[in-house]
Every structure is written in structure tokens, then in C-alpha cells.
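Each chain gets a letter, A, B and so on, in the order its sequence line appears, and its residues count up from 1.
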Amino acid sequence: MKIKYDLIKKEKNTNARCGIIHTNYGSYETPMFMPVGTQATVKTLSKEELKDLNSAIILSNTYHLWLRPGVDVINKCGGLHSFMNFDGPILTDSGGFQVFSLAKNKKKDITEEGVHFKSHIDGTPLFLTPELSIEIQNKLDSDIAMSFDECIPYPADYEYAKNSTLRTLRWAKRGKDVFNNERQSLFGIVQGGEYEDLRRLSAIETVKMDFDGYAIGGTSVGEDKTTMYKMIDYVMPHLPENKPRYLMGVGDPIDIIEGVIRGIDMFDCVLPTRIARHGNAFTNKGKINIKNAKYKYDFTPILDNCDCYTCKNYTKAYIRHLIVANEALGQRLLSIHNVRFLIRLTEDLRECIKNNTLLEYKENFIKNYRGENESSN
RNA sequence: GCGGAUAUGGUGAAGGGGUUAACACGGUGGAUUGUGGUUCCAUUAUGCUAGGGUUCGAAUCCCUAUAUCCGCC
């Protein structure tokens with residue numbers, strides 16, 4: 001079935017809203033955070049661990065799975081859910097962002113037809129088009145597919161941004177025309193760079209194509225926070241109330257709060273799992289680096305009263321040792337904590353929306369989160 | 001006891017008279033936003049076993065001492 005969005009409650013003091021997304025695998029409240037599992041795995045986490053985190057939708061990636069293990073492998077297995085043995089909803093990214101992120105400093109050729117670029121694994125020349133991206137996602141059989149877009153770099157001049165934005169709209173249409181999977185939903189992606197009129201145009205024209213949900217892309221690509229929040233503000237008034245709104249690639253706790261205040265329902269980000277692998281953990285008082293010498297003899301949990309498995313069982317000194325010794329368990333324990341931290345943040349935000357206390361919560365959260373960093377460094 | 005070789009940071013080491021002692025590991029910080037699993041950046045020896053000498057200038061040449069290693073009594 002196509003996903004469906006029901007609005008539960010709008011917050012009084014902001015544009016924030018709480019809703020329910022109905023999927024093939026159950027119904028989940030928004031705002032929600034989606035952990036990223038690019039290569040058909042949320043790195044280091046098992047499906048049981050994901051369930052314990054109260055994780056809803058997870059993200060996977062068209063480009064990566066296309067290259068490895070190959071679409072035919074997953075298709076022959078009966079789709080991505082069966083291949084991963086994951087019985088929850090999966091969203092697949094289109095591959096558009098990988099052209100930006102993996103081929104950032106390499107030769108790539110963006111044409112009207114599609115994008116020529118080289119495999120990050122072995123350098124094989126590749127050609128990805130809107131049609132091919134959708135065809136692959138149809139075969140992967142994820143629950144939500146994303147339109148193939150171009151993520152505009154920042155900064156980009158107006159002419160570039162305009163041409164790119166218009167081309168992304170044409171790509172969205174081409175993708176939608178070949179889309180062919182009854183149980184799968186398709187989201188459109190709003191681009192437009194940093195320019196208000198282009199963002200507005202992109203939103204209005206994308207919505208006209210009638211997708212099952214709408215994403216804001218092209219944020220968190222190096223722009224400052226103010227610019228990023230503006231990019232969201234430009235777009236939100238033009239998105240329909242009865243469809244989910246997804247801010248792509250954003251996972252900094254404060255950015256999530258700012259996004260929710262502006263009416264975003266869904267977030268995804270590699271941040272919690274990536275920084276975990278490099279020894280960082282979210283706390284209410286800011287991000288900490290567990291490798292710091294000051295934690296060598298710290299036999300307390302990362303975060304007091306945290307409800308995650310890691311904090312209930314292990315100390316900072318032990319996790320520090322694991323990370324310093326490059327042990328896989330360390331990466332896993334921090335991933336568990338960090339993902340749970342963001343999911344719990346969205347759970348708190350939902351409560352705030354229901355109680356109309358979002359602004360108060362934000363003020364408190366930011367005061368705590370930023371305060372510690374200044375005094376301890 | 002005699003002869004020979006070698007002494008450079010926490011570690012392995014480069015440099016064989018010319019301004020701030022290479023590089024690697026380790027240590028210490030930082031970064032990370034539609035993934036970059038082992039990544040990236042910064043920083044880390046005011047000093048070359050000790051003492052003396054030659055020289056405008058010594059980690060580099062000379063002398064003595066000490067330590068380690070290898071031979072021979």
C-alpha cells in the first residue's frame with residue numbers, strides 16, 4: 001500500500017505538528033528520526049537492536065546496493081526486507097546525493113539525460129538516470145522511494161541553481177512516469193539552493209506532480225545554520241498538510257528541533273552512527289569525545305538516566321577503552337546510544353507538540369547543550 | 001682483560017659540519033549532517049647518552065667517560 005499521513009495535533013506556538021504515518025509494516029508517529037543503513041544495514045546494529053531503540057523507518061541506498069551486491073541479488077531474494085530480514089519500513093535514497101558526496105572532487109558529468117560518474121569502489125564508469133534510479137528502487141521493493149535529484153552544492157550561483165532546479169523537476173516527472181510498484185510510495189524532492197524564488201518554484205512545481213510525500217534536499221551541504229533554516233522556511237508554506245515532510249540528511253539535535261518547529265515530520269542522518277564509530281557521543285550537555293583522557297577513569301555511564309542499553313550496562317571508561325583499542329563493540333555501543341538519543345529527542349518533541357511546550361523545551365535544550373561545551377573546553 | 005660496532009622523542013628510526021631535527025607509530029585535541037566502518041585535520045624532541053675540545057657555526061669532526069651488542073682471551 002501507499003503510505004498515508006494523518007495529522008494528530010498542531011502546536012499552538014509554532015508550525016510544528018505531530019502526525020501518524022501508516023506503512024506496510026505498521027503506523028508510526030512523527031516527528032521521527034530515521035537511522036541510515038546505506039548498505040542494507042544500519043552500521044553495526046542488528047534488527048533486534050533497532051527495535052529496542054524504538055526505531056521506525058530506516059534508510060537504505062539505491063546507489064550503494066546497485067553497485068554491491070547488485071539489484072539482481074536482492075530481487076532474487078524477494079526484495080530488500082527479505083534480504084535484510086527486516087520487517088519494518090525502509091526508505092531508499094535515490095542515489096542523487098551520492099553523485100554529490102562520493103564524486104564531490106572527482107570527474108562527473110551532469111547532463112539532461114542523467115549523470116555520468118565513476119564507481120567509488122573500482123572506478124567503473126556509471127550512468128545513472130531518473131528512470132534507472134526508480135527502476136532499481138521498484139525492484140529493491142522499499143516502502144518509500146525517492147525521486148532522483150541533483151543536490152546543489154553550496155555556494156552555487158543563481159544561474160547554476162536555477163538550471164539545476166528546473167532539471168531536477170524534469171527528472172522528478174520522468175521518474176514518476178516510469179514508477180511501477182503498487183506497494184511502494186514515491187517522494188518528490190524540493191531543491192532550489194539558497195534562493196527563495198527557486199525554493200518556492202521547486203516546491204510548487206513538485207507538489208503539482210502529486211507525490212506521496214515531500215522532501216527538502218540540498219541542506220546541510222556546508223551552509224551556515226541561518227541559511228539552512230531559511231531554506232526550510234521558504235519551502236514549508238507550499239507543502240500540503242496531508243503529506244509527510246522530510247528534511248533530508250539533517251541530524252544535529254538542534255537542527256532537528258529547528259526543523260520540527262518549522263513543520264518537518266521526518267529526518268534522517270548518518271551523524272549518530274558515524275560519530276559513534278569515531279568515538280563521539282551525544283549528551284544533554286553537548287557532544288563528548290569518549291577518547292578524551294579525562295574519561296580514562298570515569299566509571300559512570302555516558303548519560304545518567306539514559307534509557308539505552310549502553311548506558312544501562314557500560315561505563316565511559318570501558319567504552320573509551322574499546323574505542324581506543326578499535327574494538328567493534330565500542331562502535332556498536334556508541335551507535336546504540338547515539339541513535340537512541342535522537343529517537344528519544346523526537347519522542348520528547350512529540351510530547352511537547354501535544355502539550356504546546358515546544359519553544360520552552362527548545363530554549364532549555366539549547367542552553368544545556370551549548371553550555372557544557374563552553375565551560376569544559 | 002683486549003679488539004670492534006652502536007648511542008637521536010613514549011617507540012621504530014632519517015639526517016655524516018650551515019638557519020625552525022624528516023617520516024611512521026603512539027600520545028593529546030578537534031572535525032564529521034540524503035554514510036566516509038580502519039576517515040580527515042592540528043599538535044606532540046628549544047633538543048640528538050654525559051662531559052670537554054675544534055669551528056663563525058656541531059646531532060654531525062676530535063678526546064674522555066658511561067651503557068648496550070658482537071668477537072677473542
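The phosphate of B:C40 has neither OP1 nor OP2 within less than 4.0 Å of any side-chain N or O from A:Arg277. For the OP1/OP2 pair of B:G37 and a distance below 4.0 Å, the side-chain nitrogens and oxygens of A:Asn326 include no atom meeting the criterion.
Distance CG (A:Asn289) to P (B:G27): 13 Å, rounded to an integer number of Å. Distance CZ (A:Phe33) to P (B:U35): 12 Å, rounded to an integer number of Å. A:Lys291 places its NZ atom 11 Å from the C1' atom of B:C40, with the value rounded to the nearest Å. When the P atom of B:C40 is taken as reference, atom CG of A:Asn280 falls 16 Å away, rounded to whole Å.
A salt bridge (Lys or Arg N to Asp or Glu O under 4.0 Å) check over residues 329-342 of chain A, counting only residues at least two apart or in different chains, returns the pairs A:Glu49-A:Arg332, A:Asp307-A:Arg340, A:Arg340-A:Glu347.
A donor-acceptor pair is defined here as one N or O able to donate and one able to accept, closer than 3.5 Å; no such pair exists between the side chain of A:Thr357 and the backbone of A:Glu360. With hydrogens and angles ignored, the 3.5 Å screen pairs a side-chain donor or acceptor of A:Ser133 with a backbone N or O of A:Ser94.
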- Intra- and interstrand pairs of RNA chain B - dot-bracket, Watson-Crick/G-U under 3.5 Å, | marks other strand: ((((((((.[[[..)..(....]]]((((((.......))))))....[[[[[..)....]]]]]))))))).

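For the 3.5 Å distance criterion, the side chains of A:Asn138 and A:Gln184 qualify, holding a donor opposite an acceptor.
B:G16 adopts a syn glycosidic conformation, its chi angle falling within 90° of 0.
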- Task: Could you please spell out the steps behind the side chain to side chain donor-acceptor pair (under 3.5 Å) verdict for A:Asp6 and A:His22?
- Result: CA-CA 8 Å; A:Asp6 285 333; A:His22 305 283; 2.8 Å; yes

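Here the rule is side-chain contact (heavy atoms from CB on, under 4.5 Å) with A:Leu334, and of A:Thr310, A:Ile275, A:Thr44, A:Ile302 only A:Ile302 fits it.
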